[in-house]
Amino acid sequence: MAQKPSIPKGTRDFSPVEMVKRNYIFDTIKEVFRIYGYQSIETPAMENLSTLMGKYGEEGDKLLFKILNSGDFISKVRDEQLKERNSVKLTTKISEKGLRYDLTVPFARYVVQHRNDITFPFKRYQIQPVWRADRPQKGRYREFYQCDVDVIGSNSLLNEVELIQVVDEVYRRLNINVVVKMNNRKILAGIAETIGEADRMIDITVAIDKLDKIGLDKVNEELLAKGIAEDAVEKLQPILHLEGTNEEKLNKIQEVISSSEVGQKGIEEMRTVFTYLSSLNVQTEVELDLTLARGLNYYTGAIFEVKAKDVEIGSITGGGRYDDLTGIFGLKDVSGVGISFGADRIYDVMLQLDLFPKESITSTKALFINFGEKEMNYCLPILAELRKNGIYSEIFPDSVKMKKQMNYANKKNIPFVILAGDNEIQENKVTLKDMNSGEQQLVDVVELIKILSK
RNA sequence: GUGGAUGUAGCUCAGUUGGUUAGAGCGCUGGAUUGUGGUUCCAGAGGUCGCCGGUUCAAAACCGGUCUUCCACCCCA
């Protein structure tokens with residue numbers, strides 16, 4: 001036997017059964033996006049590396065899949081550069097394209113490039129795969145789908161609120177219990193400012209992001225290890241201990257960072273969002289979590305993360321506001337906010353909780369048994385008639401043993417089988433067999449369509 | 001990227017201190033049943049023991065390398 005074929009690490013094939021379930025998720029998400037007035041776009045799988053590099057932090061650059069240049073690319077590289085054996089430097093010589101890492105940065109590029117054709121505020125959704133050269137684990141793949149919704153060209157906090165409504169609606173429809181965690185980069189900046197480490201915000205937030213995972217002591221350890229001053233870490237402690245309702249947390253943090261202007265702005269923003277939310281009928285719990293940081297460094301305002309309550313799997317949706325993502329591509333003062341649903345993780349959650357509707361498994365509703373040339377000629381117009389009426393139906397293409405044809409129907413979970421031999425043809429009817437009950441009845445085409453349309 | 005575990009039939013897994021012809025269940029194919037599937041019974045096919053190399057009279061088993069999957073870290077959807 002030849003060597004078994006395989007697929008790259010962290011990628012997956014999807015069987016028909018799996019695709020039914022995946023499409024259920026995609027369709028649900030899409031439907032909600034459209035109801036809220038978002039329009040669909042797509043961008044290429046690959047972007048110029050110059051578009052991608054430097055947008056996701058140092059770690060992100062490493063996780064980009066790079067595509068080799070076409071042609072005899074290595075002959076153009078000078079010997080000294082080859083001898084240097086510096087992968088990062090050499091990469092810029094032999095690769096100028098990469099697979100997209102997320103949908104937000106390509107979207108920013110899209111907006112800048114098509115700014116004259118876009119009416120702002122621009123509400124778009126985009127459902128496409130992204131690639132990361134990460135080491136795979138459970139719920140972590142090298143190729144996975146993101147479902148992004150963004151509003152760009154509007155500063156209104158109503159957009160943040162609307163995105164929470166979208167989250168609420170999507171997970172209500174999918175029947176997943178979630179909690180939305182929210183924070184604001186301006187508050188985090190205010191905290192950094194207040195403790196006298198304004199320029200170390202990223203290091204501070206990355207550390208405190210791990211609070212509920214590694215505990216307070218380890219967080220403090222990490223902060224000190226990263227060179228944050230001891231008295232600054234000391235000042236941080238009351239913030240790490242915050243408890244109570246969102247309102248109580250906001251009040252306390254407001255006192256602590258009262259001297260910071262950005263911080264006050266962030267608190268004000270959060271208050272506005274919570275006020276909107278309380279007047280709307282949002283069922284999902286929205287929790288202010290001051291330890292939520294999120295790695296992507298283009299976020300400037302609100303940040304979100306959605307966690308499934310009943311499954312340990314990390315976040316299944318995340319996002320935030322970015323005031324100047326288009327700035328790096330030359331379009332200033334365009335603020336956007338967006339979130340991304342992780343379809344693959346949602347799939348894993350739903351599978352674990354057995355939340356997929358049973359009916360959606362069926363595809364074909366009725367199968368015609370093939371008895372031979374004459375019978376086939378009788379069946380084909382009826383088959384066409386069923387299809388015209390929107391009934392998913394098919395005929396077994398070969399006139400083989402009936403056992404095999406019945407078995408096919410059984411395996412494919414087809415609920416009805418249609419038989420037409422000499423007797424049926426003579427009466428101008430067909431025999432309809434219900435595969436679940438085993439019952440059969442002799443019906444004409446009109447009755448057939450009526451029964452199958454149910 | 002760092003550290004750990006794993007790999008035997010299509011699938012889930014047995015396989016003793018290294019010893020003759022590597023097994024089971026499920027699935028698959030054929031038959032019992034030529035117009036009746038899902039149940040039952042009978043028969044059959046299917047393996048480079050992940051791959052490459054080493055130790056040995058002898059390797060699925062021991063050693064080295066490599067790849068896959070999984071777990072932790074880093075980071076993240």
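Keep in mind that what you see is a predicted model, and the values were worked out from it rather than measured. Lettering of chains follows the sequences in order, A, B, ..., and the numbering in each one begins at 1.
- Cation-pi geometry between Arg321(A) and Tyr299(A) is not met: the NZ or CZ atom fails to fall both under 6.0 Å from the ring centre and inside 45° of the normal.
- Distances from the side chain of Leu419(A) to the nucleotides rA32(B), rG35(B), rA77(B) place rG35(B) closest.
- Atom CG of Leu103(A) is separated from atom P of rC76(B) by 17 Å (rounded to the nearest Å).
- The aromatic rings of Phe122(A) and Tyr110(A) sit parallel to each other, their planes meeting at less than 30°, with 60° as the upper class boundary.
- For rA77(B), the base is not stacked against the aromatic ring of Phe341(A), per a cut-off of 5.5 Å between centres and 30° between planes.
- Protein atom CG of Asn407(A) is 11 Å distant from nucleotide atom P of rG27(B), rounded to whole Å.
- Note: CG (Asp422(A)) to C1' (rU34(B)) measures 15 Å, nearest angstrom.
- Atom name C1', nucleotides rG1(B) and rA58(B): the rounded distance is 42 Å, in whole Å.
- Taking atom C1' in both rG15(B) and rA72(B), the straight-line distance is 31 Å, to the nearest Å.
- Between the side chains of Asp310(A) and Asn177(A), at least one donor N or O lies within less than 3.5 Å of an accepting N or O.
- Between rA32(B), rG3(B), rA77(B), one nucleotide has an atom nearer to the side chain of Lys403(A) than all others, and that is rA32(B).
- Ranking rC75(B), rG37(B), rA77(B) by closeness to the Met435(A) side chain, first place goes to rG37(B).
- Dashed line: the shortest gap from a side-chain N or O of Lys210(A) to OP1 or OP2 of rC75(B) is under 4.0 Å.
- With hydrogens and angles ignored, no donor-acceptor pair closer than 3.5 Å exists between the side chain of Asn410(A) and the base of rG38(B).
- Residue contacts for Lys401(A): at a heavy-atom cut-off of 4.0 Å it reaches the sugar-phosphate backbone alone, with no base atom in range.
- A salt bridge is defined here as a Lys NZ or Arg NE, NH1 or NH2 lying under 4.0 Å from an Asp or Glu carboxylate O, and Lys433(A) with Glu439(A) fails to meet this definition.
- Here rC73(B) presents its P atom at 10 Å from NZ of Lys218(A), a figure rounded to the nearest Å.
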Pairs of donor and acceptor atoms involving the side chains of residues 442-454 of chain A, under 3.5 Å and at least two apart or interchain, shall be tabulated with distances.
residue, atom, partner, partner atom, Å
Asp444(A), OD1, Val446(A), N, 3.2
Asp444(A), OD1, Glu447(A), N, 2.9
Glu447(A), OE1, Asp444(A), N, 3.1
Ser453(A), OG, Ile449(A), O, 2.6

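- Candidate nucleotides rC76(B), rG37(B), rU2(B) were compared by shortest atom distance to the side chain of Arg132(A), and rC76(B) ranks first.
- Counting only Watson-Crick or G-U wobble pairs whose defining distances are both under 3.5 Å, the stems of 3 or more consecutive pairs in RNA chain B are B:1-5 with B:69-73, B:10-13 with B:23-26, B:28-32 with B:40-44, B:50-54 with B:62-66.
- Residue Lys412(A) places no side-chain N or O under 4.0 Å from the OP1 or OP2 atom of rG37(B).
- Residues of residues 436-454 of chain A that place a heavy atom closer than 4.0 Å to RNA chain B, in numerical order, are Asn436(A), Gly438(A), Gln440(A).
- No cation-pi contact links Arg34(A) to Tyr125(A), judged by a cut-off of 6.0 Å to the six-membered ring centre and 45° from its axis.
- Every residue was checked against the ring-ring contact (aromatic ring centres under 6.0 Å, His included) condition with Phe416(A), not counting sequence neighbours, and none meets it.
- Applying the side chain to side chain contact (heavy atoms under 4.5 Å, CB included) criterion to Asp203(A), with sequence neighbours excluded, gives Arg200(A), Lys226(A).
- Nearer the 5' end of RNA chain B, as judged by each residue's closest nucleotide, is the contact made by Lys411(A), out of Gly421(A) and Lys411(A).
- A gap of 15 Å separates the P atoms of rC51(B) and rA59(B), to the nearest Å.
- Rounded to a whole angstrom, the distance from the C1' atom of rG10(B) to that of rC28(B) is 8 Å.
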Contacts table for residues 37-45 of chain A: side-chain donor-acceptor under 3.5 angstrom, sequence neighbours left out:
residue, atom, partner, partner atom, Å
Tyr38(A), OH, Glu162(A), OE2, 2.6
Thr43(A), OG1, Gln126(A), NE2, 2.9

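- The side chain to side chain contact (heavy atoms under 4.5 Å, CB included) test applied to Asn48(A) returns Ser50(A), Thr51(A), Lys97(A), not counting sequence neighbours.
- Taking atom NZ of residue Lys181(A) and atom P of nucleotide rC76(B), one finds them 17 Å apart after rounding to whole Å.
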For residues 372-384 of chain A, please give each side-chain donor-acceptor pair under 3.5 Å, one per line with the distance, not counting sequence neighbours.
residue, atom, partner, partner atom, Å
Lys374(A), NZ, Asp422(A), OD1, 2.7
Asn377(A), ND2, Glu373(A), O, 3.4
Tyr378(A), OH, Lys429(A), N, 3.0
Tyr378(A), OH, Lys429(A), O, 2.8

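- For Lys62(A), the side chain to side chain contact (heavy atoms under 4.5 Å, CB included) criterion is met by Glu59(A), not counting sequence neighbours.
- Looking at heavy-atom distances under 4.0 Å, Tyr145(A) makes no contact with the nucleic acid at all.
- In the set rC71(B), rG37(B), rG35(B), the nucleotide with an atom closest to the side chain of Gln137(A) is rC71(B).
- For the pair Phe396(A) CZ and rG35(B) P, the computed distance is 14 Å after rounding to whole Å.
- Partners of Leu68(A) by side chain to side chain contact (heavy atoms under 4.5 Å, CB included), not counting sequence neighbours, listed by chain and number: Phe73(A), Ile94(A).
- Contact of Arg140(A) with rC75(B) (side chain to base): a donor-acceptor pair of N or O atoms is detected under 3.5 Å.
- Annotation: of the two residues near RNA chain B, Glu424(A) and Lys404(A), the 5′-most nearest-nucleotide partner is Lys404(A).
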Write out a two-atom table: protein N or O, nucleotide N or O from nucleotides 65-69 of chain B, distance below 3.5 Å.
residue, atom, partner, partner atom, Å
rU68(B), OP2, Lys9(A), NZ, 3.3
rU69(B), OP1, Gly10(A), N, 3.1

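- Across the protein-nucleic acid pair, Ile316(A) atom CD1 and rA77(B) atom C1' stand 10 Å apart, rounded to whole Å.
- Rounded to whole angstrom, the span from the CZ atom of Arg135(A) across to the P atom of rG3(B) amounts to 9 Å.
- Scored by the ring-ring contact (aromatic ring centres under 6.0 Å, His included) test, Phe144(A) finds no partners at all (sequence neighbours excluded).
- Heavy atoms of Ser340(A) sit nowhere under 4.0 angstrom from any nucleic acid atom.
- Judged by atom type and distance alone, Arg345(A) reaches the base of rC76(B) through a side-chain donor-acceptor pair under 3.5 Å.
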